[in-house]
Amino acid sequence: MKKITIALLLVILNLPSAFTDELDPIIVTATRTPQTVDETLASVTVITREDIERQQARTIIDLLTGLPGVSISNNGGDGQVSSLFLRGASSNQVLFLVDGVKTGSVTTGSTPFQNIPVDLIERIEIVRGPRSSLYGSEAIGGVVQIFTRKGGGKTRTFASIGGGKYDSFDASAGVSGGGDKGWYNLSVNRSKTNGFDSCENQFMGGCFNQEPDDDGYKEYGGSAQAGYQFDSGVEVDIHALRSEGEVEFDGFFNESDTRFQVVGGSLSFSPMDIWRVKISAGSNWDESRNKGATSSSKFDSRRDSLSIQSDTFISDNHNLTFGFDYQEDKIDSSTDYDEDSRDNKGIYAQYLGLFGSQDLQLSLRNDDNEQFGNQTTGNAAWGFTVEEYRFFASYGTAFKAPTFNDLYFPGFSNPNLDPEESRSYEGGISGNNFWGNWAINIYQTYIDDLIVFDSVLSQPINVDEARIRGFEAVINTSIYKWQINTNITLLDPEITNGVNDGNVLPRRARQTFRLDLDRDYGRFSIGSTIYAADKRYDDLANTEKLGRYATVGLRSEVIITNSWRLQGRIENLFDKDYQTAKYYNQPGRSGFVTLRYSSD
């Protein structure tokens, strides 16, 4: 597959093309301050609302699968447990934010991103590479920040309704506005699917049960956001997102009720022209009720956070940031944990400087965690711009605190675990040429004190070390009026110590390729997404292999009027049978039709 994908990239580079320059989007995740994509010294991907609707994505998994450095495993369809691997780092080594609020289950350390409705999302920023020096724990592989719909400008209404295979149904509606200085948005959504049999009938593997039935999913969601910027420069903002789901699966427990909720707000003001202060606070609830034939369980996780950030603009080219973060994690469960809460205090500093054609980013942070003590992380990045080409190099350290399951789960935990620690090196070059834009990045990450489960001791231990090498190439261009977005990721995620020395980390595809093709014909447009993934292993011992696969999706859209659009998509066109987690099935060929309305 590597030879094929590289050949495709070379073909694209040598075809005649026409490229229309677009304004670089403003991002805030990479440095916790606003920057354009071409200014940041990090590898970044931005997904906009326009991208979401163009791709006709129904889930976040649709959006993220195949992005540079991203690999996803899913336990059998919509709403099922899913994991995101970013540059080889596992889901609990990737930090998720929603509108600036830190999310994640206190028990597992992961965010149930599969339960966040795409109809409520305005954009997603994916920052690849360590960011613990700004955010603390969990940002070994990078940060994914989800922004809900914001509003602003004139009042408008929007809605969509659609249906397709597996008796699937989606509907959403909303209203937004606020004028020049204010903004508000209120959105709701409803989705359901009868699904398919999520797990193969294997009593001794996967779900450990025989349940040859369809496993459905229902979801209700809503988001609200409002804010205003006063003439004095003071800015206030409040936001909330809530999603409730009912998911069926196979196993000892076979149904779960879930609730994912984020509430937050911020206040920004400028005591002086060169000084900006932002105070923000938020809470994330991640709750589940698991039901079986004879028993049930509950896991209610809550994460509260407070942040104070000060930005001093020494000049147009030099910015100094200081910040303080406070976080408290709590768990309320039917399982009796030895500890049910802990807090974390973090202080950080960052310098951003521009010296002619060169720029510099330096950051340093210390975290004081109630359970494991102090942890210091840092990052240094340098960039150099020559005409339309940009070079950068960076070094960063990061860490991940052990989860409550690692430390306190009765009978299967280890309270003496140390945090996982990492160090990463990266170099890259990008260009914005007349024919399009492109980027190439190479990186290497070492993770020490890797936490793995010891089946002999029946507890997690710090034993293995991992070395992850990677290569990413991205091209965006236009050829004969076809808009082309393509990327390839080559990954070498290897354990370098312990009984699994030399083995590949589980569920990471070593090679992935994605190609998006789109073309407009006036009021009619067509598109396709081609995704290919190399083989992967499902276990640390590398005895359970998952085969390579490729899928093709088609999409089309008809603009009926300025307010109405009709969309249709076909996924897995050739009905490929594949798995991203051992024993767990993926959907076959399926179609979906959507009708969209916008008062614009």
Side-chain angles (χ1 to χ4, degrees), residues 22 25 46-65 78-79 114-124 146-178 183-193 217-225 241-243 483 485 516-529 553-573 587 590-600:
E22 297 179 357
V46 180
I47 303 172
T48 65
R49 184 69 218 170
E50 181 182 356
D51 295 327
I52 294 171
E53 296 188 4
R54 174 181 54 81
Q55 295 177 24
Q56 302 180 35
R58 295 186 58 242
T59 68
I60 290 184
I61 293 176
D62 289 343
L63 290 172
L64 299 182
T65 296
D78 292 354
Q114 70 275 3
N115 299 135
I116 302 176
V118 295
D119 288 325
L120 309 181
I121 296 174
E122 183 67 30
R123 77 180 191 277
I124 302 175
I146 296 168
F147 295 88
T148 58
R149 293 194 178 200
K150 183 176 180 179
K154 67 178 183 179
T155 300
R156 72 182 189 94
T157 57
F158 48 90
S160 68
I161 187 170
K165 191 177 179 180
Y166 307 118
D167 290 327
S168 300
F169 169 82
D170 291 345
S172 68
V175 58
S176 67
W183 56 90
Y184 72 86
N185 181 89
L186 178 64
S187 300
V188 294
N189 85 290
R190 167 78 167 95
S191 63
K192 80 165 191 72
T193 179
Y217 178 60
K218 298 178 182 178
E219 179 184 79
Y220 306 83
S223 67
Q225 187 164 169
L241 170 117
R242 182 183 177 107
S243 173
Q483 184 61 41
N485 303 293
D516 284 277
L517 304 169
D518 291 277
R519 181 169 180 177
D520 290 333
Y521 294 90
R523 290 186 172 270
F524 177 70
S525 63
I526 58 174
S528 176
T529 296
L554 301 177
R555 54 183 172 267
S556 63
E557 177 182 281
V558 177
I559 300 176
I560 303 171
T561 69
N562 290 338
S563 298
W564 293 91
R565 290 180 291 159
L566 182 64
Q567 298 178 321
R569 59 178 279 182
I570 299 175
E571 289 301 305
N572 197 358
L573 177 64
S590 57
F592 203 84
V593 176
T594 301
L595 180 65
R596 294 189 182 275
Y597 167 81
S598 173
S599 60
D600 288 348

> Side chains of Asn189 and Glu219: does their closest heavy-atom pair fall under 4.5 Å?
Replying inline: yes

> If only atom types and distance count, is the side chain of Arg49 paired as donor or acceptor with the main-chain N or O of Ile121 below 3.5 Å?
Replying inline: yes

>> How long is the straight-line distance from CZ of Arg596 back to CG of Leu566, given to the nearest 0.5 Å?
In response: 11.0 Å

> Roughly how far, to the nearest 0.5 Å, is the CD atom of Gln114 from the CD1 atom of Ile60?
Replying inline: 9.0 Å

>> Please report the interatomic distance CG(Leu595) to CD(Gln567), rounded to the nearest 0.5 Å.
In response: 9.0 Å

>> To the nearest 0.5 Å, what is the distance between OG on Ser590 and CD1 on Ile570?
In response: 9.0 Å

> Can you find a heavy atom in the side chain of Ile116 that is under 4.5 Å from one in the side chain of Ser243?
Replying inline: no

>> Between Asp167 and Lys192, is there a side-chain heavy-atom distance shorter than 4.5 Å?
In response: yes

>> With a 3.5 Å distance limit and no angle check, can you tell me whether Gln56 reaches the backbone of Ser556 through a side-chain donor-acceptor pair?
In response: yes

>> If you compare all heavy atoms of Trp183 against all heavy atoms of Gly151, which two are closest, and at what distance to 0.1 Å?
In response: CB-C, 3.9 Å

> Between Arg565 and Glu53, is a side chain to side chain contact (heavy atoms under 4.5 Å, CB included) present by the stated rule, with each step listed?
Replying inline: CA-CA 11 Å; Arg565 290 180 291 159; Glu53 296 188 4; 2.5 Å; yes

> Rounded to the nearest 0.5 Å, how far apart are CD of Gln55 and CD of Glu50?
Replying inline: 10.5 Å

> Considering all heavy atoms of both residues, which atom of Asp62 and which atom of Arg569 are nearest to each other, and what is their separation?
Replying inline: OD2-NH1, 3.5 Å

> How would you list, by chain and number, every residue that makes a ring-ring contact (aromatic ring centres under 6.0 Å, His included) with Phe147, sequence neighbours excluded?
Replying inline: none

>> Please determine whether the number of non-hydrogen atoms from other residues, nucleotides or ligands lying under 6.0 Å from atom NZ of Lys165 exceeds 12.
In response: yes

N/O donor-acceptor pairs under 3.5 Å from side chains in residues 153-164, not counting sequence neighbours:
from	atom 1	to	atom 2	distance (Å)
Thr155	OG1	Tyr184	OH	3.4
Arg156	NH1	Ser598	OG	3.1
Ser160	OG	Ser172	OG	2.7

> So, do Asn115 and Tyr217 sit near enough that their side-chain heavy atoms are less than 4.5 Å apart?
Replying inline: yes

> Any idea which heavy atoms bring Asp51 and Val46 closest together, and the distance?
Replying inline: OD2-O, 3.8 Å

> Under 4.5 Å between any side-chain heavy atoms of Asp170 and Phe592, yes or no?
Replying inline: yes

> For the residue pair Thr148 and Leu241, what are the closest heavy atoms and their distance?
Replying inline: CG2-CD1, 3.7 Å

> What closest approach, in Å, do Ser168 and Arg58 show between heavy atoms, and which atom pair accounts for it?
Replying inline: CB-NH2, 3.9 Å

> Of the non-hydrogen atoms in Arg54 and Asp518, which two are nearest, and what is the gap between them?
Replying inline: NH1-OD2, 2.6 Å

> Are the side chains of Ile47 and Leu64 in touch, meaning some heavy atoms are under 4.5 Å apart?
Replying inline: yes

>> Would you compute the distance between atom CD of Gln225 and atom CG of Leu186 and round it to the nearest 0.5 angstrom?
In response: 11.5 Å

>> Set out, in order, the CA-CA distance, both residues' side-chain angles and the distance that settles side chain to side chain donor-acceptor pair (under 3.5 Å) for Arg555 and Thr529, then state yes or no.
In response: CA-CA 8 Å; Arg555 54 183 172 267; Thr529 296; 2.8 Å; yes

